[in-house]
2 protein chains.
Amino acid sequence: MTASIKDVARAAGVSPATVSRALGKGPVSEALRAQVMEAVRVTGYRPNLAARRLRSQESGTIGLILADIGNPFFTGVARAVEAAAYEAGLRVLLCNTDEDPEREASYLALMQEERVTGLILAPTRATADRLAEAPPAMPVVLIDRPGPAGLFDSVLLDNAAASAALVDHLVAQGYRRIAGLFGQTSGTGVERAEGYRATMARHGLAPSWRFVPPQAEAAEAGFAALSREGQPEAVLASNSLLLMGTLQAVRAKGLRIPADLALAGFDNEPWTGLVEPGVTVIEQPLAEIGRQAMALLFERLRAPDAPVRKVMLSGRAILRGSTAPRRVLASML
Amino acid sequence: MTASIKDVARAAGVSPATVSRALGKGPVSEALRAQVMEAVRVTGYRPNLAARRLRSQESGTIGLILADIGNPFFTGVARAVEAAAYEAGLRVLLCNTDEDPEREASYLALMQEERVTGLILAPTRATADRLAEAPPAMPVVLIDRPGPAGLFDSVLLDNAAASAALVDHLVAQGYRRIAGLFGQTSGTGVERAEGYRATMARHGLAPSWRFVPPQAEAAEAGFAALSREGQPEAVLASNSLLLMGTLQAVRAKGLRIPADLALAGFDNEPWTGLVEPGVTVIEQPLAEIGRQAMALLFERLRAPDAPVRKVMLSGRAILRGSTAPRRVLASML
DNA sequence: CTGAAAGCGCTTACAG
DNA sequence: CTGAAAGCGCTTACAG
């Protein structure tokens with residue numbers, strides 16, 4: 001089979017301990033180190049990580065559990081996490097739950113079995129609740145989605161402020177009947193819905209909203225349901241999948257944007273700037289979320305008993321044609 | 001720290017061997033199994049995968065090395081691979097190279113060190129070439145991109161046929177000056193370019209193309225370069241990032257599609273159907289690519305010496321407004 | 001069916 | 001700086 005450290009030792013005429021030291025940080029004379037390197041080359045030796053981890057009791061791995069690998073928000077965050085981990089000499093074990101609490105539980109168990117050094121997690125609401133009862137054995141940083149209050153370090157967007165900014169903008173542009181579609185599986189959806197409702201109330205407007213599964217098809221159905229309650233003048237969608245689904249529904253019904261319906265949402269994906277008109281969105285600082293999550297994790301590893309920290313990042317509104325000022329008269333074709 | 005199998009054995013009043021058997025497939029009496037399960041519950045025991053792998057000499061893991069986790073093509077394939085692996089009781093170790101041969105080499109080394117059971121890989125051209133000299137120690141299946149001929153199982157799109165279909169369609173719609181932008185890092189880009197050139201020749205048309213890095217920004221620059229050689233009537237882009245970059249360049253120049261320029265490319269991403277007009281694309285069977293890759297891997301594990309197999313899948317052309325028939329007269333605003 | 005023992009491939013005190 | 005020995009937490013022939 002594959003060469004082991006013993007084979008290398010034999011080829012180099014040294015002990016296995018010396019091979020281990022030469023490959024690691026131990027003190028070895030230059031002469032022996034060279035012999036060992038040559039023997040490594042000749043034998044094609046590759047260390048066995050399972051053995052190394054078992055012996056050293058260090059996995060050298062960060063776990064990253066995300067809700068949807070197909071969502072550019074999460075891939076953007078994953079990139080940043082991986083870059084920071086790589087710099088620190090750590091590996092990333094990436095898992096995708098598809099918003100399924102059962103898969104989340106299964107991956108949480110896996111992370112324990114892998115004895116990962118730390119865990120970065122974007123939990124569904126169901127898992128966020130359970131996290132308090134059965135906290136993982138390693139440090140955890142929550143990203144994008146809130147967990148049980150005060151128990152875990154977290155990096156979150158200021159969702160209430162972001163929703164408020166969108167509603168304020170729509171109101172300023174002349175829209176009043178503003179409806180909302182929010183993801184039902186995440187605490188983030190709840191926070192954005194709260195921000196929406198509070199801001200509508202502040203403006204003295206009646207809210208009209210639905211919680212739906214975070215998928216484009218669900219948004220189409222949700223939009224149809226909202227429309228049956230009275231055609232809205234504008235729709236706010238709490239993530240890019242819902243935004244896309246809403247746009248598809250709008251196109252299917254032949255509605256014009258923004259003349260018949262204004263549209264705003266979250267995540268500045270390339271397509272939101274390519275459709276006509278462009279869609280107004282809240283841009284999230286993906287890379288910063290990933291970096292901050294790793295920073296919190298490292299600090300937690302250094303100081304396990306430090307107080308729990310919550311990092312709140314602000315989104316940035318990107319205003320486009322989908323929320324142009326409302327024309328009260330019927331628009332002229 | 002965490003409980004080990006010894007702790008469970010002590011709590012259950014049995015030997016570690018019995019615990020191991022109760023948790024695995026070994027023969028254990030129902031009574032002892034129940035005792036063990038209760039002890040597992042009490043101690044909160046989770047098996048240590050590093051120890052299990054070291055002892056059993058089985059990683060239970062498939063490696064998946066992809067060129068770009070941000071490309072929906074690859075996330076789609078990854079989903080299918082993970083689903084098939086999960087069904088087989090295997091884990092997936094997912095790595096993202098960002099088209100960087102150095103990172104590819106580093107991840108190939110990692111896969112050896114993890115002793116993964118098998119490897120699914122979408123290599124850059126640079127790595128594909130090197131694969132012949134230093135073949136990995138485990139079975140390898142290439143996806144999306146060709147490798148050294150006849151050495152590895154592979155699942156590929158029929159790229160020449162797909163390019164030909166797009167060129168034939170453009171020609172049938174009345175376009176003649178058809179330019180091409182192709183990704184330079186992958187063998188796929190080369191195959192699509194070949195198909196483009198051969199089909200242009202078959203129609204007696206002069207080809208005009210550029211190889212560019214597979215990024216939207218590079219496509220904008222590449223499109224500018226092509227335009228300097230004479231404004232094309234149509235552009236073919238060999239993947240969705242290049243397609244998006246071309247569309248952005250077209251928008252920036254104020255060109256109308258298809259009146260000033262027809263556009264066609266690869267990958268049926270949602271945005272290609274949402275922009276106006278929709279963009280004609282070749283849809284790839286993402287899930288099928290992932291499934292076939294896993295199937296080839298399993299067969300290879302079962303029969304290491306079976307002949308090398310190459311699975312060729314066909315794309316499906318989705319025709320949209322971006323390639324509507326050419327109007328020879330200046331279009332009327 | 002069950003237990004005692006060996007050993008997977010490493011790293012790391014312990015001596016020298 | 002170097003080597004012999006122990007041991008990380010499991011699984012698996014080997015006996016019984």
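- As a whole-Å value, the separation of Leu49(B) CG from dG9(C) C1' is 17 Å.
- The side chain of Ser56(A) places no N or O atom within less than 4.0 Å of a non-bridging phosphate oxygen (OP1 or OP2) of dT11(C).
- Residue contacts shown for Ser4(B) are limited to sugar-phosphate atoms, with no base heavy atom under 4.0 Å away.
- Regarding Ile5(B), its CD1 atom lies at a distance of 15 Å from the P atom of dT2(C), rounded to whole Å.
- Put simply, CZ on Arg46(A) is 11 Å from P on dC10(C), counting in whole angstrom units.
- Here the C1' atom of nucleotide dG3(D) and the NZ atom of Lys6(A) are 14 Å apart, to the nearest Å.
- Contact annotation: Gln57(B) reaches the phosphate of dG9(C) (side-chain N/O to OP1 or OP2, under 4.0 Å).
- Protein atom CG of Asp7(A) is 13 Å distant from nucleotide atom C1' of dC10(C), rounded to whole Å.
- Side-chain atoms of Arg21(B) and base atoms of dG3(C) include a donor and an acceptor less than 3.5 Å apart.
- Considering all non-hydrogen atoms of both residues, Pro146(A) and Leu156(A) come closest at N-CD2, 3.8 Å.
- dA5(C) and dC1(C) are spaced 23 Å apart, taking the P atom of each and rounding to whole Å.
- Between Ala17(B) and Leu54(B), the one whose closest nucleotide on DNA chain D sits nearer the 5' end is Leu54(B).
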**side chain to side chain donor-acceptor pair (under 3.5 Å) between Glu58(B) and Thr117(B), intermediate numbers included** = CA-CA 7 Å; Glu58(B) 278 178 27; Thr117(B) 305; over 6 Å; no

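- For the pair Asn48(B) CG and dC8(C) C1', the computed distance is 13 Å after rounding to whole Å.
- One finds a side-chain N or O of Ser15(A) lying less than 4.0 angstrom from the OP1 or OP2 phosphate oxygen of dG3(D).
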**Request:** Give DNA chain D the dot-bracket treatment, 5' to 3': Watson-Crick (N1-N3 with N6-O4 or O6-N4) or G-U (N1-O2, O6-N3) under 3.5 Å, [ ] crossing, | other strand.
**Result:** |||.||||||||.|||

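- A close approach under 4.0 Å does not occur between any side-chain nitrogen or oxygen of Thr18(B) and OP1 or OP2 of dC1(C).
- A salt bridge links Arg291(B) and Glu288(B); the closest N-O separation between the charged side-chain nitrogens and carboxylate oxygens is under 4.0 Å.
- No more than 12 heavy-atom neighbours from other residues, nucleotides or ligands sit within 6.0 angstrom of CZ on Arg309(B).
- With a 4.5 Å cut-off on side-chain heavy atoms, Val155(B) and Leu142(B) do not count as touching.
- Contact annotation: Ser20(A) side-chain N/O to dC10(C) OP1/OP2 distance is not under 4.0 Å.
- The minimum heavy-atom distance linking Ala128(A) with Gly147(A) is given by the pair CB-CA, 4.0 Å.
- Nucleotides dA13(C) and dG9(C) place their P atoms 23 Å apart, quoted to the nearest Å.
- For the pair Leu23(A) CG and dT12(C) P, the computed distance is 13 Å after rounding to whole Å.
- Between Arg33(A) and Glu30(A) a salt bridge is recorded (basic side-chain N to carboxylate O distance below 4.0 Å).
- Mapping Lys25(A) and Arg55(B) onto DNA chain C via the closest heavy atom, the residue that lands nearer the 5' end is Arg55(B).
- The shortest heavy-atom contact between Pro139(B) and Arg300(B) is CB-CG, 3.6 Å.
- As a whole-Å value, the separation of Arg52(B) CZ from dT12(D) C1' is 14 Å.
- At a threshold of 4.0 angstrom between heavy atoms, the contacts of Leu32(A) are confined to the sugar-phosphate backbone, with no base atom among them.
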